[in-house]
Amino acid sequence: MRFHEEVFNQRNLAVIDEVLHPRYAHHDAGSTSADEHKKILADQLAGQSNFRVEVGHTIVEGNSAAVEVAHYQGDRKYRTGVALFTFEDGLIISDRFWYRLVSEAESVDADLVPEPGAAPPETSG
């Protein structure tokens, strides 16, 4: 939670030093250390002042956590996905992110996680 909220939403890159293991690797971004990933994130966030992340369901088991996330540019949700984190010594040692782009036809106001008891969205076909 701190990683998403403080790094992405508050732009506090110092948190990376507190939550990422020194041997951290982000396989999708190609970084092989916490310092390298910090530089990658700093570059990415520098050009995206209105980027933010919302976190939905989180499932933790053993040394792993699956986190449902949505990425926004301003008020427009543009992708949703799941991040899979692995921990060692209480720190994130690796993560991967699977996502799908959100079509323009989908509501940007749609909840990341539907309300309990809500009917599933209708689909055609």
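- Arg2 has a carboxylate O that lies under 4.0 Å from a charged side-chain N of Glu18, or vice versa, which qualifies the two as a salt bridge.
- Atoms CD and CZ, from Gln73 and Phe51 in turn, are 7.0 Å apart once rounded to the nearest 0.5 Å.
- For the pair Tyr72 and Gly74, the tightest heavy-atom approach, listed with the atom from each and the gap, is CB-O, 3.6 Å.
- The shortest side-chain heavy-atom distance between Thr58 and Val55 falls under the 4.5 Å cut-off.
- Contacts of Phe97 classified as ring pair (Phe, Tyr, Trp, His ring centres under 6.0 Å), with partners at least two apart in sequence or in another chain: His71, Tyr99.
- Looking only at distances, no side-chain donor or acceptor of Asp89 sits under 3.5 Å from a matching main-chain atom of Leu91.
- When the shell of 6.0 Å around CD1 of Ile59 is examined, it contains 12 or fewer heavy atoms from other residues, nucleotides or ligands.
- For the atom pair CD (Glu54) and CZ (Arg52), the distance works out to 4.5 Å, reported to the nearest 0.5 Å.
- For the salt bridge (Lys or Arg N to Asp or Glu O under 4.0 Å) test, no residue two or more places apart in sequence or in another chain qualifies with Arg79.
- Among residues two or more places apart in sequence or in another chain, the salt bridge (Lys or Arg N to Asp or Glu O under 4.0 Å) test is passed with Glu5 by none.
- No donor-acceptor pair under 3.5 Å is formed between the side chain of Glu68 and the backbone N or O of Gly56.
- The cluster map of Ile, Leu, Val, Met, Phe, Trp and Tyr, joined by side-chain heavy atoms under 4.5 Å apart, puts Phe85 and Val15 in the same cluster.
- No single ILVMFWY cluster, assembled from side-chain heavy atoms under 4.5 Å apart, contains both Ile40 and Val69.
- Closest approach of Ile93 to Glu88, counting heavy atoms only: CD1-OE1, 3.6 Å.
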### Task
Show your reasoning for whether side-chain contact (heavy atoms from CB on, under 4.5 Å) applies to Val7 and Leu41.
CA-CA 9 Å; Val7 173; Leu41 288 177; 4.0 Å; yes
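- A search for salt bridge (Lys or Arg N to Asp or Glu O under 4.0 Å) contacts involving Asp35 returns nothing, not counting sequence neighbours.
- Side-chain contact check for Asn9 versus His4: every heavy-atom pair is 4.5 Å or farther apart.
- The shortest heavy-atom contact between Ile16 and Ala34 is CG2-O, 4.1 Å.
- Shown are Asp95, Ile92, Val60; of these, the side-chain contact (heavy atoms from CB on, under 4.5 Å) with Phe87 is made only by Ile92.
- Rounding to the nearest 0.5 angstrom, the gap separating the CG atom in Asn50 from the CD atom in Gln48 is 8.0 Å.
- Under the salt bridge (Lys or Arg N to Asp or Glu O under 4.0 Å) criterion, Glu36 pairs with no residue, sequence neighbours left out.
- One distance of note links OG1 of Thr80 with CH2 of Trp98; it measures 14.5 Å at 0.5 Å rounding.
- From Lys38, atom NZ reaches atom CG of Asp17 across 3.5 Å, with rounding to the nearest 0.5 Å.
- With rounding to the nearest 0.5 angstrom, the OH atom of Tyr24 is 7.5 Å from the OG atom of Ser94.
- The only option from Val19, Leu13, Asn12 that meets the side-chain contact (heavy atoms from CB on, under 4.5 Å) definition with Glu6 turns out to be Asn12.
- The ring pair (Phe, Tyr, Trp, His ring centres under 6.0 Å) check on His21 picks up nothing, with sequence neighbours excluded.
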